[in-house]
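Everything below concerns the one structure shown next.
Because only heavy atoms are used, hydrogens play no part in the values below, and waters and symmetry mates are left out as well, while side chains stay in. Residue numbers begin at 1 in each chain, while the letters A, B, ... track the order of the sequences.
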Amino acid sequence: MSPAWWRVEEVIAQGAEAVLLSGTWLGRAAVLKLRAPKAYRHPELDARIRAARARAEARALRDGRAAGVRTPAVLDIDEGAGALVLERIDGPTVRAAYDGLPDADRARVARALGGVLGALHDAGLVHGDPTTSNFIVERLPPEGSVSLATIDMSMGGPAEGVEERGVDLRLLHEAFCSTHHLHEREFALVLEGYRAGNPGGAEGAISRMDAIASRGRYQARGAKEGTG
Amino acid sequence: MDESVVLGIESTAHTASAGVVRRDAGGGFEVLSIRSSSWSPPKGGIHPREAANDHAEKLPGLIRGALGEARVGPRELSAVAFAQGPGLGPCLRTGASAARALSAVAGVPLVGVNHCVAHLEVGRALMGCEDPVLLYASGGNTQVIAYAAGRYRVFGETLDIGVGNMLDKYGRAASLPFPSGPAIERLARGGRRLLPLPYSVKGMDVAFSGMLTSAMQMRADGASEEDLAMSLQEVAFAMLVEVAERAMAHVGRDELLLGGGVAANARLREMARLMAEGRGARAFVPEPRLCVDNGAMIAVLGAMMLAAGATTRLEDSAVRQRFRTDEVEVTWR
């Protein structure tokens with residue numbers, strides 16, 4: 001990734017793991033996601049983890065796109081630097097927009113949210129971190145049909161098991177209800193969208209979501225393993 | 001609340017310990033004594049019944065020693081605290097019986113405390129942190145804990161075995177003494193090459209069985225003991241520190257506290273400090289005798305609960321092997 005191709009404009013977000021910068025890449029509006037080195041990690045381990053995560057995230061975004069889910073295009077990757085250059089998708093996050101939308105649009109967004117997760121699951125993928133901050137409202141009527149873009153799939157990837165899909169749904173449920181507690185009941189619409197997006201596997205995943213919720217910690221949990 | 005002097009009894013796993021602390025009227029704490037005895041299996045892992053028998057033999061002397069060193073008589077105590085759980089049933093019951101007997105003889109209240117919460121409260125009482133994220137890393141327990149909405153909540157934890165348990169299992173295969181952490185730490189200093197052990201973090205949770213299997217296989221294939229020890233530490237501790245950092249970002253805290261036997265490891269302590277520095281936060285690293293299981297931390301939490309009026313009636317003093325951190329109703333802060 002040549003630095004000359006890239007012009008940084010501003011810091012969008014600074015997380016525990018990565019910093020997000022907006023700017024242009026070869027003249028195109030783009031986002032740079034940079035996983036900074038961690039001083040506490042052995043340098044070799046640090047390089048290994050950052051490269052593996054940049055690679056895994058690029059792959060998950062690509063696979064999501066192949067499954068028909070709107071994700072940012074991966075414009076460039078520099079594994080050595082732990083850096084990804086992504087298409088910039090403009091619009092508010094569902095988290096920011098949801099509570100302020102009129103009823104009809106909230107219903108559209110709720111169904112679309114479930115639909116996107118359903119489509120990912122139907123394609124054998126999980127999002128890994130489906131909070132409402134990780135979906136962007138790209139378009140709403142009257143500009144066209146509702147379009148949600150899915151971002152930050154760094155914890156996601158291929159997962160065939162009903163347990164993983166149940167965990168993913170459970171995470172969305174927790175995030176949706178805690179962030180949008182005024183509209184908690186609208187999670188039913190999210191599930192409606194989910195069923196439409198994942199007609200074959202929805203019921204299994206939904207009942208697993210309920211089972212996981214009743215388990216709680218210190219109970220036997222399904223083996224979930226993520227590699228860095 | 002006036003000054004109080006509390007004796008705490010710890011016996012959740014292989015360590016039996018008695019400690020005495022003084023809490024002044026302003027809520028300041030002083031450790032007056034700690035007396036501990038650790039049971040080691042002749043071979044293999046902890047056998048709960050055998051450990052409990054050893055604790056039953058040692059506890060009277062440990063209690064007498066702790067009271068003697070603190071220069072207090074049983075009747076001068078304000079309360080007797082004990083670890084009510086979580087832990088191994090027979091070990092817990094031994095400590096609870098000793099606590100019930102002493103509280104009856106001395107005529108003072110009994111306070112049953114949660115062992116995991118005690119690891120956090122000892123840091124708040126003695127290290128000067130206010131509202132930390134606790135990275136609690138021991139043999140049986142590996143959790144990231146913070147206070148939120150009236151409870152101590154587990155934000156991340158191991159999905160399979162505790163980090164110390166992983167080190168001990170490896171140590172058993174490598175003929176190292178139990179607990180194996182200190183021997184692995186010594187060997188690790190001679191390590192040169194980082195071996196590709198699997199790194200397993202999912203959100204704020206971790207898993208260790210994959211790296212254990214992988215390390216055993218590498219050992220069987222002739223990898224150097226020193227390289228293996230270093231790699232186990234580097235990979236396992238990086239996982240712990242990463243999830244602790246995630247939790248700090250998630251709950252918006254700028255204090256990290258270490259607790260548990262594995263927190264006595266110098267490399268983990270160093271990594272915790274580096275992580276905190278990197279994010280403009282502070283790391284609080286208690287001295288090793290307060291990181292490992294000890295009676296003083298039980299006494300500290302007991303004194304806090306006593307001041308809040310949260311004593312334990314005899315009929316409610318049964319031990320709880322699976323006493324969850326977030327079940328504790330926090331009435332003292």
Is the [X]-[Y] ring centre distance short of 6.0 angstrom?
X	Y	result
B/F237	A/Y40	no
A/F187	A/H180	no
A/Y194	A/H173	no

Is it true that [X] and [Y] make a salt bridge, defined as a side-chain N closer than 4.0 Å to a carboxylate O?
X	Y	answer
B/E255	B/R282	no
A/K38	B/E277	no
A/R106	A/D99	no

Output the residues of residues 256-273 of chain B for which the shortest heavy-atom distance to chain A is under 4.5 Å, in residue-number order; output 'none' if no such residue exists.
->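 Residues B/R267, B/M271 are the ones that qualify, each having a heavy atom under 4.5 Å from chain A.
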Apply side chain to side chain contact (heavy atoms under 4.5 Å, CB included) to B/M211 and B/Y199, showing your working.
-> CA-CA 7 Å; B/M211 68 182 289; B/Y199 183 94; over 6 Å; no
Geometric class of the B/H115/B/Y136 ring pair [parallel <30°, tilted 30-60°, perpendicular >60°] | tilted
Checking B/V235 against chain A: side chain, backbone, both or neither under 4.5 Å from a heavy atom?
-> both
Which region of B/M230, side chain (C-beta onward) or backbone (N, CA, C, O), has a non-hydrogen atom less than 4.5 Å from a non-hydrogen atom of chain A, or is it both or neither?
-> side chain
Tell me, side chain or backbone of A/E17 under 4.5 Å from chain B's heavy atoms, or both, or neither?
-> side chain
Find the one option among B/E242, B/M275, B/R279, B/H250 whose heavy-atom pairs under 4.5 Å with chain A are most numerous.
-> B/E242
